[in-house]
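The next block holds one structure in the form of structure tokens; read it before the comments.
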Amino acid sequence: MAKPKRRRQQSQAQAYDTTLKTWVQEQARDILPVFLPGAMYEETLNVEIIRPAMRVDKVFKVMYRELDHILHLEFESGSDNDMPSRLLTYHAVLYQEHHLPVISMIVYPFRTRMAVSPWREMSREETLLTFHFLTLPLFTLDAERYVREHVLCMYPLLPTMQGATGALIGQAMDELAELYQDDEVTLAQQFVWMELLLERTDTVSAQEKQIIQERLDMYDRLWEESPKVQKIRAESEVQAMQRMLVSVVKARFPALTQLAQEQAVQINSPDTLDLLVQKIATAPDEDMVRWLLSPTAA
């Protein structure tokens, strides 16, 4: 029973991470100055680090302190002891690639044990390297402040914050509905993100969760017949399962990570991806996983 439960937890974590990455990509111009006050969005950078095969979450070029910078965001749904050293690897490669100051930030949507900055590489009592990074625990933010100041780009994250009552989120939903009254696809996307985060958060009481969910369900019924909205939901599920596939392979057989990344994007069926994840999670050796990931595998 432990393994299926662990797979479900991994799948949920990937869904949350995918939700946040899509959210920040869609509204980066508005969101980045909220995350890093004083920063001004310039462009989104598509970065895949191949030394070794690793994929960063989101990387942007921003204007900060009157200079161009690289802003790297990593979204973490749980604790990871290796996160600081992994973040350092990303940091070094991004600097080498762009020759600009790199600001590394870990965004935590839910309560968990967070990485502590600075991270130091030690040789007994000697510090060989000191690495500073930023953390943004969303669960410590004040939901009422963002609604009071009408920071609409942050509304999908309200369920992760302190003070996110049913009434407050209802007000936020009304504002979003008015803003996107002529764009049902974007409105649905905002509420899908909100609903996914609501499932996991512990900053909202069970009673308030029920109130918020009832409001979201009202819109669900309106969108049941919308092909565009259903497409958004299906694509979100596929992306989450693709990332989970890569994560399972990376955890068990790191040498096959790049192969998993290449094959994952070729599969668009959530059921096929889920079955493949289950097979890889129980595969006895690397050769079997390599075969499972081959295009000719059944």
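The first residue of the sequence shown is numbered 1, and numbering continues consecutively from there. These numbers were taken from a predicted model, which means no experiment stands behind them.
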[X] side-chain N/O to [Y] backbone N/O, donor-acceptor pair under 3.5 Å:
X      : Y      : answer
Glu42  : Lys61  : no
Thr165 : Leu168 : yes
Thr112 : Ser79  : yes
Lys279 : Leu292 : no
Arg290 : Leu259 : no
Thr272 : Asn268 : no
Glu208 : Gly166 : yes

Taking the side chain as C-beta and beyond, is there a heavy-atom pair between [X] and [Y] under 4.5 Å?
X      : Y      : result
Thr127 : Met122 : yes
His72  : His91  : no
Val289 : Asp285 : no
Leu67  : Leu100 : no
Leu136 : Met105 : yes
Ile267 : Val238 : no
Leu176 : Met194 : yes
Met161 : Asp142 : no

For atom [atom1] of [X], is the number of surrounding heavy atoms from other residues, nucleotides or ligands below 6.0 Å larger than 12?
X      : atom1 : value
Met288 : CE    : no
Gln181 : CD    : yes
Glu178 : CD    : no
Gln210 : CD    : no
Glu43  : CD    : yes

With rounding to the nearest 0.5 angstrom, report the [atom1] to [atom2] distance, [X] to [Y].
X      : Y      : atom1 : atom2 : value
Leu273 : Gln278 : CG    : CD    : 11.5 Å
Phe35  : Met154 : CZ    : CE    : 5.0 Å
Met83  : Leu88  : CE    : CG    : 12.5 Å
Ser104 : Leu134 : OG    : CG    : 8.0 Å
Thr257 : Arg252 : OG1   : CZ    : 13.0 Å
Gln27  : Thr186 : CD    : OG1   : 8.5 Å

Go through the steps for Leu87 and Glu74 under the test side chain to side chain contact (heavy atoms under 4.5 Å, CB included), then give the verdict.
CA-CA 8 Å; Leu87 202 65; Glu74 282 290 316; 3.7 Å; yes
For a quick check under 3.5 Å, do Glu195 and Gln213 share a side-chain donor-acceptor pair by atom type?
yes
Will you find, in the side chains of Gln190 and Tyr155, an N or O donor that is under 3.5 Å from an N or O acceptor?
no
Heavy-atom pair with the smallest gap, counting every atom of [X] and [Y]:
X      : Y      : result
Phe253 : Glu286 : CE2-N, 3.5 Å
Lys58  : Val24  : CG-CG1, 3.6 Å
Tyr41  : Phe60  : CE1-CD2, 3.7 Å
Val204 : Pro159 : CG2-O, 3.5 Å
Cys153 : Val34  : SG-CG2, 4.2 Å
Thr160 : Thr201 : CA-OG1, 3.6 Å

Side chain to side chain contact (heavy atoms under 4.5 Å, CB included) between Glu175 and Gln171, worked out
CA-CA 6 Å; Glu175 290 185 32; Gln171 178 183 338; 3.4 Å; yes
If the plane angle is over 60° it's perpendicular, under 30° parallel, otherwise tilted; pick one for Phe131 and Phe133.
tilted
Using the rule that two of Ile, Leu, Val, Met, Phe, Trp, Tyr join whenever any of their side-chain heavy atoms come within less than 4.5 Å, decide whether [X] and [Y] are in one cluster.
X      : Y      : result
Ile211 : Leu197 : no
Val59  : Met40  : no
Leu275 : Val248 : no
Ile70  : Tyr95  : yes

Salt bridge or not between Asp174 and Arg215? Use side-chain N to carboxylate O under 4.0 Å.
yes
Passes side chain to side chain contact (heavy atoms under 4.5 Å, CB included), Val102 versus His69? Steps please.
CA-CA 6 Å; Val102 179; His69 283 67; over 6 Å; no
Stepwise side chain to side chain contact (heavy atoms under 4.5 Å, CB included) test for Met63 and Asp68:
CA-CA 5 Å; Met63 178 65 68; Asp68 283 337; 3.4 Å; yes
